[in-house]
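A quick write-up on the structure given underneath.
Bear in mind the structure is a predicted one, so any value in this text is a computation, not a measurement. Naming convention: chains lettered A, B, ... in sequence-line order (proteins, then strands); numbering from 1 in each chain.
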Number of protein chains: 2
Amino acid sequence: MKRTSMEGATCPVARSLDVIGDWWSLLIVRDAQYGLRRFGEFQKSLGVAKNILAQRLKHLVDHGILETQPASDGSAWQEYVLTEKGRSLFPILVALGQWGQEHCFEAGEPRTRVLDKAHGQPVKPLEVRAVDGRVLTVQDVRLERPPTQG
Amino acid sequence: MKRTSMEGATCPVARSLDVIGDWWSLLIVRDAQYGLRRFGEFQKSLGVAKNILAQRLKHLVDHGILETQPASDGSAWQEYVLTEKGRSLFPILVALGQWGQEHCFEAGEPRTRVLDKAHGQPVKPLEVRAVDGRVLTVQDVRLERPPTQG
DNA sequence: AAAGCCCGGTTTCGTTATGCAACCAATTGT
DNA sequence: ACAATTGGTTGCATAACGAAACCGGGCTTT
């Protein structure tokens, strides 16, 4: 009765979710993107139980999304910093954020926003595009499944 | 000891995850994007237990991501189809898929791909852009928290 | 250098969610 | 009319989650 794993799936979405699809991982990554590094910082920011946080940090380190660094302020403790793999989750977080803003808030309700540092403007809504630049919707794409599968 | 809810969070990412952040919801939505509509189709495609699937479908309907339609092939059963809110999850799925392809597969390992119908080409990698069109990385943005919080 | 306070966890234990299988009603095929 | 399929629900065992207690090493204060 273990939670079913998507590790062997041929669908990239399923494999991604297998790694970062739990309730906390993406929130940890989000906080890491914005500079949090220490266990205590994450715990305070997220309000998550310490055992769960420890589990998740270990999971993210094991999967190469975070790595531990010996220090940075001279103290003997370690810090958790994003790897390149972790930083490349940025579009996912932006996509989730934009969807959430659009669909999970009342008008005027206060919310955290991601702003372009250069001009203080919100980020442009993501667009899925073809290699030739056309904007694509779900109707414009199709799924290609691998040849030999079930 | 209930699973902590993000419903009241001011962060849009957290609110999104509160709705679609579990192990199955996005996979159901992905299948729905590619045309699956019936309970049995989802169950067969995902291999999920029927009680869990029923729970998740209800959850997605409650949150306005799917809606039930009376029929389409004349039978007396109902179908689950995406609402506009559900269709707008498309960029999130693309982002997850692209990240998964890049980071969760060995080279040459067979995988499902999303292709532009027009030319059969894979979709272009997503780019986060500023309103003026500049491509942004996480270093180019900052977080603006709502004024009175905490 | 001793006492005490943080930081970063681990342990314990109760509660919740997940997953499998059995069951069941309504619909459909024969 | 009878059997199989569809679309679920119910029960039960197990794994994950969450709160709080605990704990050891680092750091601080004196």
For a quick test of reading the model: is some side-chain N or O of [X] closer than 4.0 Å to OP1 or OP2 of [N]?
X	N	answer
Q43(B)	dG8(D)	no
T4(B)	dC17(D)	no
Q78(B)	dG8(D)	yes
R38(A)	dC7(C)	no
W77(A)	dC27(D)	no

Whole angstrom value for the distance that separates [atom2] of [N] from [atom1] of [X]:
X	N	atom1	atom2	value
L57(A)	dT10(C)	CG	P	10 Å
E79(A)	dC7(C)	CD	P	13 Å
K50(A)	dC22(D)	NZ	C1'	10 Å
R56(A)	dC17(D)	CZ	C1'	8 Å
L46(B)	dG7(D)	CG	P	14 Å
Q55(A)	dG8(C)	CD	C1'	15 Å
M6(B)	dC17(D)	CE	P	12 Å
L53(A)	dC7(C)	CG	C1'	13 Å

What distance separates [X] [atom1] from [Y] [atom2], expressed to the nearest 0.5 Å?
X	Y	atom1	atom2	answer
E144(B)	R113(A)	CD	CZ	4.5 Å
E79(A)	E41(A)	CD	CD	7.5 Å
R15(B)	W99(A)	CZ	CH2	12.0 Å

(message) Which is more 5' along DNA chain C, the nucleotide nearest E41(A) or the one nearest S75(B)? Just name the residue.
(response)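 Nearer the 5' end of the strand: E41(A).
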
(request) Specify the residue among W23(A) and F39(A) whose closest nucleotide of DNA chain C lies further upstream toward the 5′ end. (result)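 That would be F39(A).
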
(message) What's Y80(A) touching, base or sugar-phosphate or nothing? Going by heavy atoms closer than 4.0 Å.
(response)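 Sugar-phosphate, no base atom in range.
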
(message) Side chain of N51(B) only, heavy atoms from C-beta on: which candidate in dG11(D), dA20(D), dT18(C) is closest?
(response)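 Selected nucleotide (nearest to the side chain): dG11(D).
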
(request) Grab the two heavy atoms, one from L126(B) and one from Q98(B), that are nearest each other, plus how far apart they are. (result)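 Closest heavy-atom pair between L126(B) and Q98(B): N-OE1, 2.9 Å.
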
(message) Looking at K117(A), I'd like to know if its NZ atom is crowded, meaning that more than 12 non-hydrogen atoms belonging to other residues, nucleotides or ligands lie closer than 6.0 Å.
(response)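 More than 12 heavy atoms, drawn from other residues, nucleotides or ligands, come within 6.0 Å of this atom.
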
